[in-house]
Amino acid sequence: SKTFELFLLDELQTFRNRLSQLTKDEEEKDRIIINEALKGNSHPNSIDIILRNYPAGLNIASQYLEEEHPIHVASRRHPAAISVILSHRPECANLRDSQGRLPVEIFIRNAEENGVKGEEYIQLFNEIVTLVVPPSKLQKCIMRRMSLKSEVMKNVIIPLHVKR
């Protein structure tokens with residue numbers, strides 16, 4: 001509701017003001033706000049409100065980031081927010097973390113721990129994969145890492161009735 005959105009934005013502005021003691025970088029403040037909401041497993045609707053009001057947090061400064069980008073936090077800890085982030089910045093699907101991993105790799109490695117399986121797994125996997133450009137980048141990435149290959153095969157190729 002509009003009341004909730006106003007309350008949320010008021011609280012976030014208070015938090016953002018306190019962040020001024022840590023950093024003067026506006027983009028970093030926005031990224032911290034988004035990441036804290038993701039780490040707190042905020043509802044995807046709340047994440048959407050935050051992204052609309054703090055868009056600089058999704059900026060891509062370089063191909064490899066030292067600090068965690070929200071797409072990597074979501075891929076590791078809050079899969080339900082991946083779609084929301086990609087709806088705001090689809091190019092995030094190609095952003096590598098400080099270890100050189102794409103968001104889809106991070107998602108695959110953490111899906112089971114996050115309780116993502118079956119149709120939800122396939123839907124999120126496909127959503128991320130369709131945005132990876134070029135597709136050969138993803139194929140090379142998965143094929144060179146056998147553990148990722150086995151995770152994808154286990155979750156995507158094996159029919160659901162066999163896995164149950």
Side-chain angles (χ1 to χ4, degrees), residues 1-116 120-121 123-135 137-138 140-142 144-145 148 151:
S1 77
K2 198 64 172 167
T3 305
F4 172 73
E5 186 172 340
L6 292 173
F7 171 76
L8 176 63
L9 293 174
D10 185 52
E11 291 297 312
L12 290 173
Q13 188 57 48
T14 301
F15 178 56
R16 193 171 198 283
N17 291 340
R18 284 192 223 130
L19 289 175
S20 295
Q21 298 168 2
L22 297 174
T23 181
K24 299 293 180 209
D25 185 308
E26 300 301 315
E27 188 175 302
E28 186 177 357
K29 289 178 193 175
D30 286 6
R31 187 166 290 141
I32 290 169
I33 288 170
I34 297 166
N35 284 345
E36 289 303 312
L38 292 167
K39 291 172 185 175
N41 212 25
S42 296
H43 192 277
N45 291 342
S46 297
I47 299 292
D48 184 56
I49 292 168
I50 294 167
L51 295 177
R52 281 188 277 122
N53 288 277
Y54 297 95
L58 291 181
N59 286 349
I60 300 170
S62 66
Q63 185 64 7
Y64 292 90
L65 295 171
E66 290 304 316
E67 61 201 57
E68 272 194 304
H69 189 277
I71 191 65
H72 302 130
V73 176
S75 297
R76 193 179 75 253
R77 297 180 68 170
H78 194 350
I82 294 171
S83 299
V84 179
I85 292 171
L86 293 176
S87 72
H88 286 266
R89 294 296 294 268
E91 63 273 21
C92 290
N94 291 294
L95 183 64
R96 294 184 182 276
D97 69 2
S98 60
Q99 296 175 21
R101 299 174 300 180
L102 291 168
V104 68
E105 294 176 78
I106 299 166
F107 167 73
I108 291 168
R109 289 200 186 280
N110 294 281
E112 191 171 330
E113 182 181 315
N114 288 318
V116 179
E120 182 185 15
Y121 181 96
Q123 179 186 353
L124 283 168
F125 179 83
N126 286 334
E127 186 171 347
I128 301 169
V129 169
T130 59
L131 296 171
V132 176
V133 180
K137 181 194 282 187
L138 174 69
K140 287 176 190 172
C141 156
I142 290 177
R144 77 173 180 261
R145 293 187 170 112
L148 283 180
E151 283 297 314

Taking the side chain as every heavy atom from C-beta outward, state whether [X] and [Y] have any pair of such atoms under 4.5 Å apart.
X	Y	answer
N45	I49	no
I85	L38	yes
F4	L8	yes
I47	H43	no
F107	V116	yes

If you look at every heavy atom in [X] and [Y], which pair is closest and at what distance?
X	Y	answer
L86	A93	CD2-N, 3.8 Å
E127	S83	OE1-OG, 2.7 Å
P79	L124	O-CD2, 3.7 Å
Y54	I33	CE2-CD1, 3.9 Å
C92	P103	O-CG, 3.4 Å
P55	D30	N-OD2, 4.1 Å

*Mind checking salt bridge (charged side-chain N to carboxylate O under 4.0 Å, His left out) for E26 and listing every partner two or more places apart, or none if nothing turns up?*
R16, K29

*For R77, all residues meeting salt bridge (charged side-chain N to carboxylate O under 4.0 Å, His left out), sequence neighbours excluded*: none

*So, R89 and N59: side-chain donor and acceptor under 3.5 Å apart, yes or no?*
yes

*asked:* Can you list everything that forms a side chain to side chain donor-acceptor pair (under 3.5 Å) with S87? Sequence neighbours excluded, please.
replied: none

*For the residue pair H72 and H69, categorise the inter-ring angle as parallel (less than 30°), tilted (30 to 60°) or perpendicular (more than 60°).*
perpendicular

*asked:* Taking R76 first and then E105, would you say they form a salt bridge - that is, a charged N and a carboxylate O separated by under 4.0 Å?
replied: no

*Below 4.0 angstrom, N of the basic side chain to O of the carboxylate: do R31 and E68 qualify?*
no

*Point-to-point distance, once rounded to the nearest 0.5 Å, from OG of S75 to CD1 of I108*: 10.0 Å

